[in-house]
Amino acid sequence: MQSTSAPSRSAFLRVVAFSSATTLAAPRNLFSQTKTEKPPPLSAELVKDFVVAGHGDLEKVKTMLEQEPGLLNAAWD
């Protein structure tokens, strides 16, 4: 019968120390998201019309999305 031994505590601590050191030494931009230029904001009136259309006029919503795909992620209070 073979016994499987767990890694020793000192081996575990070496792995943790090595992992921490390599993570801290990594360049900061490695973890940051790619920054892209934001498109100009949509007009409040256009977004309002889209939100209102979304509550009952599917054809208008489709037409507006074809003309301005950015409306899909727009918000209006």
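Positions are given from 1 along the sequence.
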- Query: Any chain of hydrophobic side-chain contacts (each under 4.5 Å) joining L72 to L46?
  - Reply: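 Yes, one cluster joins them.
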
- Item | Heavy-atom pair with the smallest gap, counting every atom of F50 and L71 |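 What the structure gives for the nearest pair is CE2-O, 3.4 Å.
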
- Spatial distance of atom CG (D49) from atom CD (E45) [nearest 0.5 Å]: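 With rounding to 0.5 Å, CG (D49) is 5.0 Å from CD (E45).
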
- Any side-chain heavy atom of V61 within less than 4.5 Å of one from D57?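 No; the side chains remain at least 4.5 Å from each other.
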
